[in-house]
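Chain A is the first sequence line, chain B the second, and so forth, proteins listed ahead of strands; every chain is numbered from 1.
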2 protein chains.
Amino acid sequence: MAENIVQGLRDEIENGIVTNQYVPGERLDEMQLAKHFGVSRTPVREALMQLSAIGLVEIRPRRGAVVVEPGPHRIYEMFEVMAELEGMAGSLAARRHTDADRNELLAAHAKCELSSNIDDADTYYYDNETFHRAIYTASHSSFLIEQCLALHRRLRPYRRLQLRVRNRMKTSFNEHGAIVQAILSGEAEAARTHLREHIAVQGDRFSDLIATLAAQRKGASG
Amino acid sequence: MAENIVQGLRDEIENGIVTNQYVPGERLDEMQLAKHFGVSRTPVREALMQLSAIGLVEIRPRRGAVVVEPGPHRIYEMFEVMAELEGMAGSLAARRHTDADRNELLAAHAKCELSSNIDDADTYYYDNETFHRAIYTASHSSFLIEQCLALHRRLRPYRRLQLRVRNRMKTSFNEHGAIVQAILSGEAEAARTHLREHIAVQGDRFSDLIATLAAQRKGASG
DNA sequence: ATTACAATTCTTGTATACAAGACTGTTGAC
DNA sequence: GTCAACAGTCTTGTATACAAGAATTGTAAT
């Protein structure tokens, strides 16, 4: 965090938000943050402005910044868009992937197999992230990659919740298999469809999401 | 711009960028902007921070803010993503549009017909914007709407350039017809496809874009 | 006891001051 | 004549001071 204070603060606070260190609805006191990071209010404010522009915090005039609290419906909408973007990335990846991309994808896939076999949710979570990033990269569209990374990051906490659902890890891994197959064999539309369905919060998974959200909320407050 | 200075500055500068008042590559001097808007550097900086977070300006450490200059390839990528998002909006709109949405869409379509008939590029540009917004609205996905509006805004200057191409207005309007038909008859996939192709910068349109970009660049510097 | 109003305190919003790095222009040397 | 180095200036980055609005608490009245 040495070189660029504002950027560092932004990352630090953003990280705090997506890791639920700062919970939705929480007020972010400028003075408090400034003290905590050992800087003045100025860079803190500038970092908060950036987060506000991204949509992670809301700044209400004269009333400070609060962590935005997306309702279940909005989270659903975000997953809906994420599904589309990932589908697009998969489609492009199927057409454009290089040998290097192929190796990265297969390596990430293998790692996911390991962590899903030993049933380690935390490890799977990270390996899964690597897997999806490999797809983004293989799309070779820098703008799309940025959009995917940004949205993926925002959905981090909820993605993590989903893995808690029984058997989700195994199911997820199986879906990965079909995705890898489609991408590597160049079937753009199949890759798109599989990825879209892999991400989308459809049917049971929507009620699962609501339930786990409610459970988490309860756990946090009690 | 009275109520919230930073927000107002952000909008003002952002507008200046998408209307080419501040050209890509131009340095945005904090002191100059502050003087121009009659405020101090503090709110100007905060506004620039927001624009930096959105990706409209780039802040290089100790070297100030410059308007980002997306190369042709990056602009192409942005249109590519926009096409996908609009396609998604169209697909959702086909399934979810209400009677009110239907009326708005038809009204916007009629306006486009008028302005394309009198061959008024500026008017068509605005009516076209209204048309696309009507589709976003009909998707009834607030997050998607926000994403579409944001990207649409960023692509404004290039969209405008495209209308200069011979017959593009007439072609555009005809494409609108197919889109309206698909959405109102509930054909989600047809709506998606038509919109995607309407937005995408494919084939000739890519070289047209490059050419008009180059022409504009030349005109601006001379 | 509860509610409403007022005063105080606290926080945000903006301006300004100060420090440090980048740019520019000039001078000197090769 | 050209290139490099140094000095001066300018701009950014951060801190602090000051003003104004919001929240809270206390008191008084019903």
- Query: Does a side-chain N or O from B:Arg63 land closer than 4.0 Å to OP1 or OP2 of C:dG21, or not?
  - Reply: no

- Query: Just by distance, do the side chain of A:Asp101 and the backbone of A:Thr98 share a donor-acceptor pair under 3.5 Å?
  - Reply: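 Looks like yes, one N/O pair under 3.5 Å.
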
- Query: Any side-chain heavy-atom pair from B:Glu104 and B:Ile135 closer than 4.5 angstrom?
  - Reply: no

- Mind checking whether A:Leu155 and A:Met82 have side chains closer than 4.5 Å, heavy atoms only? yes

Report the distance from atom [atom1] of [X] to atom [atom2] of [N], rounded to the nearest whole Å.
X	N	atom1	atom2	answer
B:Gln7	C:dT12	CD	P	17 Å
B:Ile59	C:dA22	CD1	C1'	16 Å
A:Leu9	D:dA15	CG	P	9 Å
A:Phe37	D:dA15	CZ	P	13 Å
A:Leu33	C:dT12	CG	C1'	14 Å
B:Arg10	C:dT14	CZ	P	15 Å
B:Asn4	C:dG13	CG	P	7 Å

- Query: Relative to each other, are the rings of B:Tyr136 and B:His132 parallel, tilted or perpendicular (30° and 60° limits)?
  - Reply: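 The arrangement is tilted - the two ring planes meet at 30° to 60°.
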
- Message: Parallel, tilted or perpendicular: which one describes the rings of B:Tyr124 and B:His176, with boundaries at 30° and 60°?
- Response: parallel

Looking only at heavy atoms, what is the nearest atom pair of [X] and [Y], with distance?
X	Y	value
A:Arg154	A:Ile54	NH1-O, 3.2 Å
B:Ser141	B:Leu92	CB-CD1, 4.2 Å
B:Arg192	B:Ser91	NH2-OG, 3.5 Å

Using a cut-off of under 3.5 Å, enumerate the N/O to N/O pairs linking the protein to nucleotides 9-11 of chain D.
unit_1, atom_1, unit_2, atom_2, d
D:dT11, O3', B:Arg27, NH2, 3.3

- Query: When you measure from every atom of DNA chain D, which of residues 40-54 of chain A have a heavy atom less than 4.0 Å away?
  - Reply: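 Listed by number, they are A:Ser40, A:Arg41, A:Thr42, A:Pro43.
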
- Within 6.0 Å of CZ in A:Arg168, more than 12 heavy atoms from elsewhere: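 It does: A:Arg168 CZ has more than 12 such atoms within range.
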
